[in-house]
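The structure appears right after this line, and notes come after that.
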Amino acid sequence: MINLGRHEKVMEIALRRGFLWPSYEIYGGSSGFYDYGPLGAALRKNILDIWREFYCVREGFFEISSPTIGPEEVYIASGHVKSFVDPTVECKKCGEVYRADHLVREVLGMETDGLTTDELNRHIEGIKCQKCGGGFGEVWTYNLMFRTHIGPGEKKVGYLRPETAQGMFILFNRLYGFYRKKLPFGVAQIGRAYRNEISPRQGVIRLREFTQAELEIFVSPGEKTHKDFGKVSGDSLRLVPRDGSEIEISAGEAVSRDIIAHELLSYHLILTKNFLECVGIPREKIRFRQHLKTEMAHYAADCWDAEVCTDRFGWVEVVGIADRTDYDLKAHESQSGVELKSFTPFDSPKFYRKKIVVPDMAKIGPDFKGRAGQIVERLKGLGEDEIAAFDEEGYIEFDGIRLDRNYVSIKEVEEKVTGEKITPHVIEPSFGIDRIIYCLLEAAYNERDGRNVLSFKPRVAPIQVGVFPLVAKDELTAVARKIYSKLRGEGYYTVYDESDSIGRRYSRIDEIGVPFAVTVDFDTLKDDTVTVRERDSTNQTRVKIGELKDKLTIGKMFP
RNA sequence: GCGGCCAUGGUCUAGCGGUAGGACUCAAGCUUCCCAAGCUUGCUGCCCGGGUUCGAUCCCCGGUGGCCGCACCA
């Protein structure tokens with residue numbers, strides 16, 4: 001299953017030709033960080049352009065950009081301060097490190113969710129190391145967020161965001177207004193996120209700073225549908241549901257058979273699959289795996305990962321598509337005290353008859369003096385049943401006070417309700433761009449006659465055209481340089497090369513995935529034609545210089 | 001975070017207690033009428049810090065980074 005050769009060759013090309021460089025090399029490096037070189041940055045740009053085309057243009061989700069550092073409250077609300085930690089314990093004798101909660105759960109057979117460090121410590125006192133029988137040290141928690149301080153001094157704690165999502169939840173009211181107070185709406189953010197991983201390895205698969213492209217789609221809880229679902233419901237998905245089976249099933253059927261929770265999730269699985277294929281991940285290397293209940297994030301109700309099959313790492317999670325329900329909005333609402341709700345008007349207002357209690361302050365005030373305020377507060381909070389009982393019995397008792405009916409008037413009024421406030425649910429497709437780039441590099445890699453070829457689609461290739469004089473003679477280079485300039489003027493990412501043999505030059509650009517080579521030869525001088533060589537087939541066709549643009553098709557955005 | 005292995009030009013590697021050689025790449029030139037041809041010339045290197053030593057790229061310690069295993073993985 002593991003094929004070291006392929007991975008190593010891809011990474012070697014990535015390093016040597018300027019796709020990916022380990023960061024801070026001149027200072028000895030720092031693991032978990034990678035620089036994108038010129039070709040890597042261009043590749044990423046092209047992938048992000050396609051992503052924007054899919055989501056911002058086609059789905060109409062506008063992109064925002066929020067800060068990467070947030071005050072502590074944000075991540076207290078989101079649950080990251082508390083939950084984004086691993087309680088860890090180490091054997092004092094043999095140094096074996098355990099997840100403290102897993103250890104307690106396994107040895108004592110108890111549920112460990114929500115236990116504090118102190119509680120875990122108490123449980124662990126009686127446990128011996130399973131390897132050597134030694135005793136354990138203190139439980140310590142490791143929070144994976146980078147912590148910092150905002151402003152001078154250490155009073156104001158901040159964190160580097162572990163996901164771009166929170167920035168979008170926090171803007172809910174602004175965004176809701178921007179979208180003119182209608183559900184559903186979606187918002188996109190592309191940006192860096194930070195996780196201080198214990199042991200980042202596997203190249204660009206697990207980074208401490210990485211690029212996410214995330215969408216938050218706010219919907220009514222009861223309307224997890226998509227107007228275009230009909231167009232994709234026949235498309236097939238390769239699914240690995242919770243039961244561990246692997247099935248090929250249409251998007252529509254997956255919903256009707258309750259494998260995928262709802263249409264909207266299913267729609268986004270299809271969209272994700274189309275996106276991955278569009279950037280160049282082969283269909284047969286894509287599948288969607290449903291999270292087990294136990295591995296689901298603290299906020300998720302249902303979650304499917306898009307996984308790509310790699311030679312080196314097996315199935316790699318590249319996109320998470322989660323139904324976060326109302327977890328985040330409710331959490332920020334309660335932390336901030338600001339209401340984060342949408343308002344849905346009814347078709348026509350509804351009228352309710354209900355009884356209300358109106359306190360007679362002229363009586364309550366003098367008789368109860370200092371406690372009057374408290375009484376009024378209690379009366380405001382009475383439920384309908386309590387009011388009815390008050391009305392019937394003629395008195396009410398609370399907080400040791402007996403309040404007679406003649407301190408209030410109880411009236412029946414008609415209340416007009418024009419709609420309802422709800423906390424929207426959130427569907428979140430979250431793309432790990434760096435992982436997608438690795439998968440793409442691996443998928444694009446081929447060998448031909450012992451030489452390296454990266455078969456990028458023209459649309460994602462960092463450089464689209466190479467322009468070469470067949471040999472470096474002045475009469476040919478002059479024409480080639482003109483074409484080089486002309487193509488750049490038309491918007492192609494183009495390189496010019498006149499050194500070495502023509503074969504070597506073709507080979508050089510094959511290795512960085514340039515799809516087209518335009519070669520100027522001696523016939524060009526007679527009839528204004530050049531050859532266009534296609535990277536994957538190496539086929540050449542002669543075309544008029546003026547018709548180059550028709551031949552160098554970078555490809556339609558959508559297949 | 002723990003354990004094992006490792007660290008030499010851009011890449012891959014040889015070698016040694018007296019500061020290094022090769023292959024490929026890259027650059028310049030010659031050559032070259034379509035798939036890494038050939039010739040000449042050239043640039044670039046012992047991961048970092050400390051110790052031992054007259055002298056350390058080499059030995060020792062620590063760090064950093066890489067790979068593997070454990071653990072972890074929203």
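Note: hydrogens, waters and symmetry copies are ignored here, and every other heavy atom, side chains too, is used. Quick caveat: nothing in here was measured; it's all calculated off a predicted structure. Every chain is numbered from 1 and lettered A, B, ... according to where its sequence line falls, protein lines coming before strand lines.
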Pick the P atom in B/G69 and in B/C34, then give their distance to the nearest Å.
-> 50 Å
Residue pair A/Tyr36 / A/Asp434, side-chain donor-acceptor N/O under 3.5 Å | yes
Rounded distance (Å) that lies between atom C1' of B/C34 and atom CZ of A/Arg542 = 11 Å
Do any side-chain nitrogens or oxygens of A/Arg195 fall under 4.0 Å of OP1 or OP2 in B/C72?
-> no
Starting at CG of A/Leu20 and ending at P of B/G65, how long is that distance when rounded to a whole Å?
-> 18 Å
Once you round it to whole Å, what is the distance between C1' of B/U64 and CD1 of A/Ile26?
-> 14 Å
With a 4.0 Å cut-off, would you call A/Lys544 and A/Asp550 a salt bridge?
-> no
Do A/Glu307 and A/Lys285 meet the salt-bridge criterion of a basic N to acidic O distance under 4.0 Å?
-> no
Does a side-chain N-to-carboxylate-O contact under 4.0 Å join A/Arg17 and A/Glu511?
-> yes
Checking A/Arg287 against A/Trp315: charged group under 6.0 Å from the ring centre and within 45 degrees of the axis?
-> yes
Whole-Å distance separating the CZ atom of A/Arg16 from the P atom of B/A36 = 16 Å
Using a cut-off of 4.0 Å on non-hydrogen atoms, how would the nucleic acid contact of A/Ser31 be classed: base, sugar-phosphate, or nothing?
-> sugar-phosphate
P atoms of B/C60 and B/C5, separation to the nearest Å | 12 Å
Distance below 4.0 Å between A/Arg206 side-chain N/O and B/C73 OP1 or OP2 | no
Answer yes or no: is there a donor N or O on one side and an acceptor on the other, between the side chain of A/Thr531 and the main chain of A/Thr541, under 3.5 Å?
-> no
Remember a base hit wins even if backbone is also touched, and classify A/Arg505 as base, sugar-phosphate or nothing at under 4.0 Å, heavy atoms.
-> nothing
At under 4.0 Å, does any side-chain N or O of A/Ser501 touch on OP1 or OP2 of B/C35?
-> no
Below 4.0 Å: OP1/OP2 of B/U25 and any side-chain N or O of A/Arg504 | yes
Under 4.0 Å between any heavy atoms, over every strand shown, what does A/Leu476 touch: base, sugar-phosphate, or nothing? Just pick one.
-> nothing
Does A/Asp510 have any salt bridge (Lys or Arg N to Asp or Glu O under 4.0 Å) partners at least two apart in sequence or in another chain, and if so, which?
-> A/Arg448, A/Arg533
Rounded to whole Å, CZ of A/Phe313 lies from C1' of B/G69 at a distance of 16 Å
With a 4.0 Å cut-off on heavy atoms, is A/Ser30 in touch with a base, just the backbone sugar-phosphate, or nothing at all?
-> sugar-phosphate
Using a 4.0 Å heavy-atom cut-off across all strands, classify A/Glu197 as base, sugar-phosphate, or nothing.
-> nothing
Side-chain donor or acceptor of A/Gln212 paired with backbone N/O of A/Gly432 under 3.5 Å | no
Specify the residue among A/Gly32 and A/Arg533 whose closest nucleotide of RNA chain B lies further upstream toward the 5′ end.
-> A/Arg533
Whole-Å C1' distance, B/A27 and B/C72 = 47 Å
Would you mind reading off the distance between A/Glu8 atom CD and B/G66 atom C1', rounded to a whole angstrom?
-> 11 Å
Regarding A/Arg208 and the six-membered ring of A/Phe210, is the cationic atom NZ or CZ under 6.0 Å from the ring centre and inside 45° of its axis?
-> no
Pairwise C1' distance for B/C59 and B/C2, with rounding to whole Å = 27 Å
Determine the interatomic distance between C1' on B/G42 and the same-named atom on B/C48; round to the nearest Å.
-> 30 Å
Under-3.5 Å donor-acceptor pair between A/Thr531 side chain and B/C34 base = yes
For RNA chain B, consecutive-pair runs of 3 or more (Watson-Crick or G-U wobble, both H-bond-type distances under 3.5 Å) give B:1-7 with B:64-70, B:10-13 with B:21-24, B:26-30 with B:38-42, B:47-51 with B:59-63
Whole Å only: how far is the OH atom of A/Tyr27 from the C1' atom of B/G65?
-> 16 Å
To the nearest Å, give me how far apart CG (A/Asp500) and C1' (B/G29) are.
-> 12 Å
Of A/Arg451 and A/Phe522, whose nearest nucleotide on RNA chain B comes first from the 5' end?
-> A/Phe522
With distance as the sole criterion, do the side chain of A/Asp521 and the base of B/C33 form a donor-acceptor contact below 3.5 Å?
-> no
